Amino acid sequence: MTVKEVAEKLDLSLLAGEDGMDREIHGCYIGDLLSWVMARASSGDIWLTVMGNVNAIAVAALTDAACIVLTESAPLDEDARTRAQQQGIPVLSTEMTAYQAARRIAELLP
Amino acid sequence: MSSLSLHYVVPGDDFTRAGEASSDVKNKLKKLGYNSDAIRRVAIAMYEAEINMVIHAGGGEAFVEVSPQNVEIQMVDHGPGIADIEKAMQAGYSTAPDKVRSLGFGAGMGLPNIAKYSDTLKIETEVGKGTTLYMTVLANR
Ligand SMILES: Nc1ncnc2c1ncn2[C@@H]1O[C@H](COP(=O)(O)OP(=O)(O)OP(=O)(O)O)[C@@H](O)[C@H]1O
Ligand SMILES: [Mg+2]
(Lines give C-alpha, C1' and ligand atoms only; values in the text may rest on other atoms or scores of the structure.)
(Ligands and ions follow the chains in the order given, each with its own letter.)
Protein backbone atom coordinates (compact mmCIF):
# COMPACT_ATOMS: atom_id res chain seq x y z
CA MET A 1 0.00 0.00 0.00
CA THR A 2 1.36 3.45 -0.93
CA VAL A 3 1.02 6.78 0.86
CA LYS A 4 -1.31 7.89 -1.92
CA GLU A 5 -3.64 4.92 -1.46
CA VAL A 6 -3.83 5.43 2.30
CA ALA A 7 -4.46 9.15 1.79
CA GLU A 8 -7.37 8.37 -0.53
CA LYS A 9 -8.89 5.70 1.72
CA LEU A 10 -8.65 7.86 4.85
CA ASP A 11 -9.56 11.09 3.08
CA LEU A 12 -6.35 12.82 4.23
CA SER A 13 -5.54 16.19 2.71
CA LEU A 14 -2.08 16.76 1.29
CA LEU A 15 -0.25 19.82 2.66
CA ALA A 16 3.21 19.29 1.10
CA GLY A 17 5.64 16.79 -0.37
CA GLU A 18 3.60 15.18 -3.17
CA ASP A 19 6.84 13.81 -4.68
CA GLY A 20 6.85 11.11 -2.00
CA MET A 21 3.26 9.91 -2.48
CA ASP A 22 4.23 6.68 -4.23
CA ARG A 23 6.26 5.34 -1.31
CA GLU A 24 5.29 1.99 0.19
CA ILE A 25 4.03 1.98 3.75
CA HIS A 26 5.28 -0.71 6.11
CA GLY A 27 3.91 0.34 9.47
CA CYS A 28 2.76 3.14 11.73
CA TYR A 29 4.26 5.05 14.65
CA ILE A 30 2.60 7.58 16.96
CA GLY A 31 4.42 10.19 19.04
CA ASP A 32 5.22 13.84 19.61
CA LEU A 33 8.47 13.78 21.56
CA LEU A 34 11.03 14.02 18.78
CA SER A 35 13.94 12.13 20.30
CA TRP A 36 11.56 9.36 21.31
CA VAL A 37 10.26 9.09 17.75
CA MET A 38 13.82 9.31 16.47
CA ALA A 39 14.71 6.17 18.38
CA ARG A 40 11.60 4.14 17.64
CA ALA A 41 10.07 5.01 14.27
CA SER A 42 11.03 2.64 11.46
CA SER A 43 11.74 3.11 7.79
CA GLY A 44 8.47 3.25 5.83
CA ASP A 45 6.26 4.16 8.79
CA ILE A 46 3.28 6.48 8.65
CA TRP A 47 4.06 8.86 11.50
CA LEU A 48 1.04 10.26 13.34
CA THR A 49 1.83 13.42 15.30
CA VAL A 50 0.73 16.96 16.17
CA MET A 51 4.25 18.34 15.62
CA GLY A 52 4.16 20.36 12.39
CA ASN A 53 7.52 22.12 12.74
CA VAL A 54 10.72 21.94 10.75
CA ASN A 55 12.33 19.64 13.30
CA ALA A 56 9.58 17.08 12.73
CA ILE A 57 10.46 17.12 9.03
CA ALA A 58 14.10 16.46 9.95
CA VAL A 59 13.08 13.53 12.15
CA ALA A 60 10.91 12.08 9.37
CA ALA A 61 13.84 12.40 6.94
CA LEU A 62 16.39 10.85 9.30
CA THR A 63 14.18 7.92 10.33
CA ASP A 64 13.12 7.47 6.71
CA ALA A 65 9.42 7.63 7.60
CA ALA A 66 7.11 7.31 4.58
CA CYS A 67 5.00 10.33 5.53
CA ILE A 68 3.78 12.52 8.35
CA VAL A 69 0.08 12.69 9.20
CA LEU A 70 -0.85 15.70 11.32
CA THR A 71 -3.77 14.57 13.45
CA GLU A 72 -6.56 16.72 14.91
CA SER A 73 -5.83 19.29 12.18
CA ALA A 74 -2.57 20.32 13.89
CA PRO A 75 -0.94 23.18 11.95
CA LEU A 76 2.09 22.92 9.65
CA ASP A 77 4.62 25.77 9.98
CA GLU A 78 5.59 27.62 6.82
CA ASP A 79 9.29 26.67 6.94
CA ALA A 80 8.29 23.07 7.66
CA ARG A 81 6.09 23.09 4.56
CA THR A 82 8.99 24.37 2.47
CA ARG A 83 11.37 21.75 3.85
CA ALA A 84 8.90 18.90 3.33
CA GLN A 85 8.33 20.07 -0.23
CA GLN A 86 12.09 20.19 -0.94
CA GLN A 87 12.71 16.76 0.54
CA GLY A 88 9.62 15.11 -0.96
CA ILE A 89 8.24 14.00 2.40
CA PRO A 90 4.44 13.95 2.23
CA VAL A 91 2.72 15.83 5.05
CA LEU A 92 -0.98 15.03 5.28
CA SER A 93 -3.70 16.38 7.51
CA THR A 94 -6.77 14.88 9.17
CA GLU A 95 -9.37 15.92 11.73
CA MET A 96 -9.17 12.44 13.27
CA THR A 97 -7.34 11.82 16.54
CA ALA A 98 -4.23 9.64 16.41
CA TYR A 99 -6.27 6.77 17.85
CA GLN A 100 -9.01 7.06 15.24
CA ALA A 101 -6.50 7.35 12.41
CA ALA A 102 -4.41 4.41 13.68
CA ARG A 103 -7.48 2.18 13.84
CA ARG A 104 -8.26 2.96 10.20
CA ILE A 105 -4.62 2.39 9.18
CA ALA A 106 -4.57 -0.95 11.00
CA GLU A 107 -7.50 -2.10 8.86
CA LEU A 108 -5.55 -1.27 5.69
CA LEU A 109 -2.14 -2.71 6.49
CA PRO A 110 -1.61 -6.46 6.13
CA MET B 1 35.01 2.90 -1.19
CA SER B 2 37.01 6.07 -0.65
CA SER B 3 37.41 7.86 2.66
CA LEU B 4 35.73 11.17 3.37
CA SER B 5 36.47 14.08 5.75
CA LEU B 6 33.61 16.47 6.50
CA HIS B 7 33.33 19.61 8.59
CA TYR B 8 30.21 21.55 9.61
CA VAL B 9 29.49 24.65 11.64
CA VAL B 10 26.27 24.21 13.61
CA PRO B 11 24.64 27.57 14.28
CA GLY B 12 23.30 28.19 17.78
CA ASP B 13 19.61 28.80 18.56
CA ASP B 14 18.55 28.30 14.94
CA PHE B 15 16.04 25.48 15.08
CA THR B 16 15.17 25.83 11.43
CA ARG B 17 18.71 24.84 10.44
CA ALA B 18 19.32 22.26 13.16
CA GLY B 19 19.63 18.88 11.49
CA GLU B 20 21.31 20.14 8.31
CA ALA B 21 24.69 18.62 9.15
CA SER B 22 23.27 15.19 10.02
CA SER B 23 21.01 15.22 6.94
CA ASP B 24 23.99 16.04 4.75
CA VAL B 25 26.06 13.23 6.24
CA LYS B 26 23.16 10.85 5.74
CA ASN B 27 22.87 11.78 2.06
CA LYS B 28 26.62 11.46 1.48
CA LEU B 29 26.72 8.01 3.10
CA LYS B 30 23.79 6.94 0.93
CA LYS B 31 25.66 8.01 -2.18
CA LEU B 32 28.71 6.05 -1.04
CA GLY B 33 26.49 3.00 -0.76
CA TYR B 34 27.12 2.67 2.97
CA ASN B 35 25.34 -0.03 4.97
CA SER B 36 21.78 1.25 5.54
CA ASP B 37 21.60 0.24 9.20
CA ALA B 38 24.86 2.10 9.85
CA ILE B 39 23.50 5.16 8.02
CA ARG B 40 20.43 5.15 10.23
CA ARG B 41 22.54 4.88 13.38
CA VAL B 42 24.86 7.70 12.27
CA ALA B 43 21.87 9.88 11.41
CA ILE B 44 20.18 9.37 14.76
CA ALA B 45 23.30 9.77 16.91
CA MET B 46 24.54 12.80 15.01
CA TYR B 47 21.15 14.52 14.89
CA GLU B 48 20.72 14.19 18.65
CA ALA B 49 24.20 15.62 19.25
CA GLU B 50 23.55 18.41 16.77
CA ILE B 51 20.25 19.36 18.41
CA ASN B 52 21.86 19.27 21.85
CA MET B 53 24.48 21.74 20.64
CA VAL B 54 21.78 24.07 19.38
CA ILE B 55 19.53 23.81 22.44
CA HIS B 56 22.03 23.55 25.26
CA ALA B 57 25.31 25.00 24.02
CA GLY B 58 24.68 27.83 21.51
CA GLY B 59 25.97 25.83 18.56
CA GLY B 60 29.33 24.29 17.75
CA GLU B 61 31.20 22.28 15.16
CA ALA B 62 31.01 18.78 13.76
CA PHE B 63 33.90 16.78 12.28
CA VAL B 64 33.11 13.56 10.46
CA GLU B 65 35.56 10.95 9.13
CA VAL B 66 34.14 8.23 6.93
CA SER B 67 36.10 5.07 6.15
CA PRO B 68 34.92 1.71 4.82
CA GLN B 69 35.11 0.34 8.38
CA ASN B 70 33.40 3.07 10.37
CA VAL B 71 32.18 6.64 10.75
CA GLU B 72 33.95 8.73 13.38
CA ILE B 73 32.09 11.81 14.55
CA GLN B 74 33.38 14.57 16.79
CA MET B 75 30.94 17.21 18.05
CA VAL B 76 32.61 20.18 19.71
CA ASP B 77 30.90 23.05 21.55
CA HIS B 78 31.95 25.85 23.86
CA GLY B 79 28.70 25.96 25.82
CA PRO B 80 28.09 25.62 29.57
CA GLY B 81 29.31 22.03 29.85
CA ILE B 82 27.49 19.23 31.68
CA ALA B 83 27.81 19.30 35.48
CA ASP B 84 26.48 15.81 36.22
CA ILE B 85 27.14 13.58 33.24
CA GLU B 86 25.76 10.46 34.93
CA LYS B 87 22.43 12.20 35.41
CA ALA B 88 22.47 13.61 31.89
CA MET B 89 22.92 10.11 30.47
CA GLN B 90 19.75 8.86 32.21
CA ALA B 91 16.65 8.49 30.04
CA GLY B 92 14.14 11.17 31.01
CA TYR B 93 16.59 13.68 32.47
CA SER B 94 16.33 17.07 30.75
CA THR B 95 16.96 20.71 31.52
CA ALA B 96 15.33 21.87 28.27
CA PRO B 97 13.37 25.12 28.78
CA ASP B 98 9.59 25.25 28.11
CA LYS B 99 10.05 27.12 24.85
CA VAL B 100 12.09 24.21 23.50
CA ARG B 101 9.78 21.56 24.96
CA SER B 102 6.86 23.00 23.03
CA LEU B 103 8.81 22.17 19.85
CA GLY B 104 8.93 18.50 20.82
CA PHE B 105 12.33 18.37 22.51
CA GLY B 106 13.09 17.65 26.14
CA ALA B 107 12.21 13.95 26.46
CA GLY B 108 15.65 13.44 27.94
CA MET B 109 16.28 10.77 25.32
CA GLY B 110 19.00 12.39 23.21
CA LEU B 111 22.10 11.20 25.05
CA PRO B 112 20.62 7.73 25.73
CA ASN B 113 19.86 7.48 21.99
CA ILE B 114 23.43 8.44 21.14
CA ALA B 115 24.77 5.79 23.52
CA LYS B 116 22.43 3.18 22.06
CA TYR B 117 23.07 3.84 18.39
CA SER B 118 26.81 4.50 18.43
CA ASP B 119 29.37 1.74 18.95
CA THR B 120 31.76 3.82 21.03
CA LEU B 121 31.01 7.06 22.86
CA LYS B 122 33.31 9.28 24.85
CA ILE B 123 32.17 12.58 26.37
CA GLU B 124 34.59 15.24 27.54
CA THR B 125 32.94 18.10 29.33
CA GLU B 126 33.94 20.91 31.64
CA VAL B 127 31.55 23.32 33.30
CA GLY B 128 31.97 26.78 31.82
CA LYS B 129 34.20 25.52 29.00
CA GLY B 130 32.18 23.23 26.80
CA THR B 131 31.53 19.69 25.69
CA THR B 132 33.02 17.35 23.10
CA LEU B 133 31.40 14.09 22.04
CA TYR B 134 33.46 11.45 20.26
CA MET B 135 31.34 8.74 18.69
CA THR B 136 32.01 5.90 16.32
CA VAL B 137 29.53 3.91 14.30
CA LEU B 138 30.77 0.66 12.75
CA ALA B 139 29.81 -0.05 9.16
CA ASN B 140 28.97 -3.59 10.21
CA ARG B 141 27.93 -4.02 13.80
N1 LIG C 1 26.14 19.88 24.46
C2 LIG C 1 25.60 20.07 25.68
N3 LIG C 1 25.98 21.14 26.44
C4 LIG C 1 25.44 21.33 27.68
N5 LIG C 1 24.52 20.51 28.24
C6 LIG C 1 24.10 19.43 27.52
C7 LIG C 1 24.62 19.16 26.22
N8 LIG C 1 24.04 18.02 25.77
C9 LIG C 1 23.21 17.62 26.75
N10 LIG C 1 23.24 18.46 27.81
C11 LIG C 1 22.50 18.30 29.11
O12 LIG C 1 22.12 16.94 29.25
C13 LIG C 1 20.69 16.83 29.38
C14 LIG C 1 20.21 15.55 28.72
O15 LIG C 1 20.43 15.62 27.30
P16 LIG C 1 19.49 14.74 26.34
O17 LIG C 1 19.90 15.01 24.93
O18 LIG C 1 19.52 13.33 26.80
O19 LIG C 1 18.03 15.31 26.61
P20 LIG C 1 17.37 16.69 26.14
O21 LIG C 1 18.21 17.32 25.09
O22 LIG C 1 17.11 17.52 27.33
O23 LIG C 1 15.99 16.20 25.52
P24 LIG C 1 15.79 15.39 24.13
O25 LIG C 1 17.15 15.08 23.60
O26 LIG C 1 15.01 14.17 24.48
O27 LIG C 1 15.03 16.31 23.24
C28 LIG C 1 20.15 18.10 28.75
O29 LIG C 1 18.88 18.45 29.20
C30 LIG C 1 21.23 19.12 29.17
O31 LIG C 1 21.05 19.51 30.51
MG1 LIG D 1 18.83 16.20 23.44
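The figures here come from the full heavy-atom set of this structure, side chains too, leaving out hydrogens, waters and symmetry mates. Quick caveat: nothing in here was measured; it's all calculated off a predicted structure. Throughout, protein chains are lettered first and strands after them, A, B, ... in sequence-line order, and every chain is numbered starting at 1.
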Do A/L109 and A/M21 share a hydrophobic cluster, counting only Ile, Leu, Val, Met, Phe, Trp and Tyr and linking them when any side-chain heavy atoms are less than 4.5 Å apart? yes
Please determine whether the number of non-hydrogen atoms from other residues, nucleotides or ligands lying under 6.0 Å from atom CD of B/E86 exceeds 12. no
Residues B/R40 and A/A41: closest non-hydrogen pair is NH2-O, 2.9 Å
Tightest non-hydrogen contact, residues B/G110 and A/S35, listed as N-OG, 4.0 Å
Taking every heavy atom of B/T16 against every heavy atom of A/D79, the minimum-distance pair comes out as CG2-OD2, 2.9 Å
The interface call for A/D77 against chain B, heavy-atom contacts under 4.5 Å, is neither
Take a 6.0 Å sphere around CZ of A/R103 and say whether it holds more than 12 heavy atoms from other residues, nucleotides or ligands.
no
OG of B/S23 to CD1 of A/I57, rounded to nearest 0.5 Å, is 11.0 Å
When the 4.5 angstrom heavy-atom criterion is applied to B/S36 and chain A, the contacting part is neither
In this structure, CZ of B/R101 is separated from CG of A/L34 (nearest 0.5 Å) by 13.0 Å
**A/V54 with A/V91, same ILVMFWY side-chain cluster at under 4.5 Å** = no
Bottom line for A/M51: the part with an atom under 4.5 Å from chain B's heavy atoms is side chain
ILVMFWY cluster, B/I114 and B/F63 together (side-chain gap under 4.5 Å): no
If one checks every heavy atom of B/I51 against chain A at 4.5 Å, the contacting part turns out to be side chain
- Query: Are the side chain of B/N113 and the backbone N or O of A/W36 linked by a donor-acceptor pair below 3.5 Å?
  - Reply: no
- Task: Would you confirm whether B/K116, through its side chain, and A/A39, through its main-chain N or O, come within 3.5 Å as a donor-acceptor pair?
- Result: no
Scored by heavy-atom pairs under 4.5 Å with chain B, the best of A/R83, A/M38, A/Q87 is A/M38
Cut-off 4.5 Å, heavy atoms of chain B, and the answer for A/T49 is neither
**Request:** Give the cluster check for A/V37 versus A/V50: same hydrophobic cluster or not, with ILVMFWY residues linked at side-chain heavy-atom distances below 4.5 Å.
**Result:** no
message = Has A/D32 got a side-chain atom pairing as donor or acceptor with B/G104's backbone, closer than 3.5 angstrom?
response = no
Taken to the nearest 0.5 Å, the spacing of A/L62 CG from B/I39 CD1 works out to 11.5 Å
Value for CZ (B/F105) from CG (A/N55), rounded to nearest 0.5 Å, stands at 3.5 Å
Tell me if the CD atom of A/E95 is crowded by more than 12 foreign heavy atoms within 6.0 Å. no
Out of curiosity, does A/L33 fall in the hydrophobic cluster containing A/I30 (side-chain heavy atoms, cut-off under 4.5 Å, transitive links)? no
